[in-house]
Structures are given as C-alpha cells and as structure tokens.
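Right, one structure below, let's go through it.
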Amino acid sequence: MVPANPMRPRQPDDHFTAEAQAARALGFTVAVVDHDALARGGDARRAVAPVQGPGTAVYRGWMLRSEQYATFAEALAERGVVLRTDGAQYRQAHELPGWYAALASVAPPSVWTTGAERVDFDHARAALGAGPAVLRDYSKSMKHHWDEAAYIPDLADGAAAWGVARRFLELREDDFVGGFVLRRFEHFTSAEVRTWWVDGECVLIGPHPDSPDAAATAEVDLAPVTPLIVGLGLPFVTVDLALRADGVWRVVELGDGQVSDRPATVAPQTLIAALFAQNR
C-alpha cells in the first residue's frame, strides 16, 4: 500500500510511484490509501476504502503518528487486511523509547521526558550530565536546523539548552511527538548508512537519503547490532549507522521501515525485491 496522489486519488503519490510499479512487476497487488485523511484524523474507513482484502499488507508511505497508524491498522483489519507490522510494533520502532533499551550498548547515551515542560527538560539534562548533546523528540530530530534546534554545546548551560529546546518546539509545532530526547553528542567520521531489516535479517545496505551519493559501505560491521535487532522481533525496520571517530559503528536511529525514505541512488526494484524476497 502506498499513499494516493492528492490530485489523482486513484494513483500513487509521485514519490512512491516507482516502488508501486516495482511491486506490481514482481506480481504483488498495490493499493492506494488516503494518507492525508489518516494524518489529520479523518475517517480511516474511508481512507482505506480502495484496499481489497483479505490478505497481509506492507505500507510504504509518509510518516504517521503511532496513534494514527493504530487507527489505520484497525480500519484495514475490518476489511480483512492485516498489516505485517501491527500498531504496537510500529510504535516500538517509530519512537525512540520503544527501541533504545535494546540498542543502548551500541547507541549514544540518551534520556527523555514525557511532554515538553521545562522542569522535565531540566531533569533530563541533569541526568545526562554536562557536555554536548543532540536534541530530538520521540520520532524526529531537526538536524537540518542544527545550530538553532538540534545541537546543544553544553547541557550545563541551562538557559542556552532551553533556548534550543524552545526553538525545536517552534519548528516542530503540532508534529512534536512524546517528549524531548537528549542524546550524548558523538563525533562521527562517516556519512550515515541506512540498513534495511526484515524479520531480523539485514536485506539491504545503502546510503542514507541525506547523503545518497556517499561511497559504498560494504565494510560496515553489523556483527554487534545483529543479535540486538533480532531480539527486538520487529518485522521491518531500518537502522541508520555511522562510524565514530574511534572506529566503532554506532546506531544513530532505528525506524519503522514502512515510513523510512529510500535514497534516490537505491533503485526501487532493489528495495522492493529485498523487502518481499521471502514471499517470492
């Protein structure tokens, strides 16, 4: 399933057309759903009306909040369609508190709040301790606004740190999810690598969408993270890694694979074939 084109509701959104075509070429049925209706809390049944059941489905589309995805899954279930990733699994992958404990040994130390109150932010800041940190919420950072809404030079400076948090809130607006997440800043010497996992198996390694032309990454060491990903028991995720200055690969992010963007330099046929290899 892919999002519908807002201007041509029976056709896939332009961003996902190539993946839809690749899936059809492999013999899979493709349906469109009204992502915009799901994202604004509209009639979920109507949003999934074009989907015909019964069957198992995978969504490849724009991000949804966890509660929106749960409603999406429920509406599909009424039509006899079961998402390979259920609502609880989506939340676990989509929100950092869901996966961090399992990957803490291979990821930057992180703490988080529930909500966006200054007092809770200050408690989290004290828990992580002085030094540089990176700010995000449960599902997303504002790394493209690095100096104003992502990087905190020293958590010991409460006023400056809160200034970054306040700007983050301004930029995220209604998209803010869960609470603040503070992560210890680590110096990376490589571009991020996006790895794609199906049922605990890495099926594809490629560049991150932010650096689609990055050099080949065949040397990525997945041995430390593989048993941890297997232990999560999630059906379809991406894991973004980067090489730290000391030569250790670190997990920057884990995300639900359904809403993880494909870099332009990875052919849609490559991703879809890897995703559905076990079904062929």
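Hydrogens, waters and symmetry mates play no part in the numbers below; they use all other heavy atoms, side chains included. In what follows, residues are counted from 1 in the order of the sequence shown.
Looking only at atom types and distance, the side chain of Arg183 has a donor-acceptor partner in the side chain of Ser110 under 3.5 Å away. A donor-acceptor contact closer than 3.5 angstrom is absent between the side chains of Tyr90 and Gln258. Side-chain contact check for His187 and Asp246: no donor-acceptor pair (N or O, by modelled atom type) lies under 3.5 Å.
A salt bridge links Arg172 with Asp137: the closest approach of a Lys/Arg side-chain nitrogen to an acidic carboxylate oxygen falls below 4.0 angstrom. Between Arg91 and Asp256 there is no salt bridge, since no side-chain nitrogen of the basic residue lies less than 4.0 Å from a carboxylate oxygen of the acidic one. Taking 4.0 Å as the cut-off between side-chain N and carboxylate O, Asp122 and Arg118 count as a salt-bridged pair. With respect to the salt-bridge test (charged N to carboxylate O, under 4.0 angstrom), the residues Glu74 and Arg45 do not qualify. A salt bridge links Lys143 to Glu192: one of the charged nitrogens lies within less than 4.0 Å of a carboxylate oxygen. Salt bridge Asp14/Arg8: present, at least one basic N to carboxylate O contact under 4.0 Å.
Here the side chains of Phe180 and Leu169 are in contact, with some heavy-atom distance below 4.5 Å. A heavy-atom distance below 4.5 Å is found between the side chains of Trp62 and His15. In this structure, Val203 and Leu275 have side chains that are not in contact, with every pair of non-hydrogen atoms separated by 4.5 Å or more. Counting only heavy atoms from C-beta outward, the side chains of Asp213 and Thr265 approach each other to under 4.5 Å. At least one side-chain heavy atom of Leu64 sits less than 4.5 Å from a side-chain heavy atom of His35. Considering only heavy atoms from C-beta on, Met1 stays 4.5 Å or farther from Val32 through its side chain. Looking at Leu38 and Thr71, their side chains never come closer than 4.5 Å, going by heavy atoms from C-beta outward. By the 4.5 Å heavy-atom criterion applied to side chains, Pro50 and Val33 are not counted as neighbours.
Taken together through direct or relayed side-chain contacts under 4.5 Å among Ile, Leu, Val, Met, Phe, Trp and Tyr, Phe236 and Val82 form parts of separate hydrophobic clusters. Grouping the Ile, Leu, Val, Met, Phe, Trp and Tyr side chains by contacts below 4.5 angstrom, directly or via other members, places Val111 with Leu135. Each of Val58 and Val81 belongs to its own hydrophobic cluster when Ile, Leu, Val, Met, Phe, Trp and Tyr are linked at side-chain heavy-atom distances under 4.5 angstrom. The same ILVMFWY cluster, assembled from side-chain heavy atoms under 4.5 Å apart, contains both Leu171 and Leu182. Val252 and Val134 sit in two unconnected hydrophobic clusters of ILVMFWY residues. Membership requires side-chain heavy atoms under 4.5 Å apart, directly or through other members.
In this structure a side-chain-to-backbone donor-acceptor pair under 3.5 Å is missing from Trp249 to Leu243. Under a 3.5 Å cut-off, the side chain of Arg79 and the backbone N or O of Ala49 do form a donor-acceptor pair.
In the displayed structure, Glu148 atom CD is contacted under 6.0 Å by more than 12 heavy atoms of other residues, nucleotides or ligands.
Remark: of the listed residues Arg262, Gln269, Arg24, Arg262 is the sole one forming a side chain to side chain donor-acceptor pair (under 3.5 Å) with Glu19.
Taken from OG1 in Thr85 to OH in Tyr69, the straight-line distance is 4.5 Å, to the nearest 0.5 Å.
Here the closest heavy-atom approach between residue Val237 and residue Ala93 is recorded as CG1-CB, 4.0 Å. The nearest pair of heavy atoms linking Val2 to Pro12 is CG2-CB, 3.7 Å.
Checked against salt bridge (charged side-chain N to carboxylate O under 4.0 Å, His left out), Glu186 has the following partners two or more places apart in sequence or in another chain: Arg244, Arg250. By the ring pair (Phe, Tyr, Trp, His ring centres under 6.0 Å) test, Tyr59 is found to be paired with Phe72, residues two or more places apart in sequence or in another chain being considered.
Under the 30°/60° scheme for interplanar angles, the aromatic rings of Phe185 and Tyr151 are found to stand perpendicular.
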Can Arg136 and Glu253 be said to form a salt bridge (charged side-chain N to carboxylate O under 4.0 Å, His left out), step by step?
CA-CA 11 Å; Arg136 51 168 290 168; Glu253 177 77 274; 2.7 Å; yes
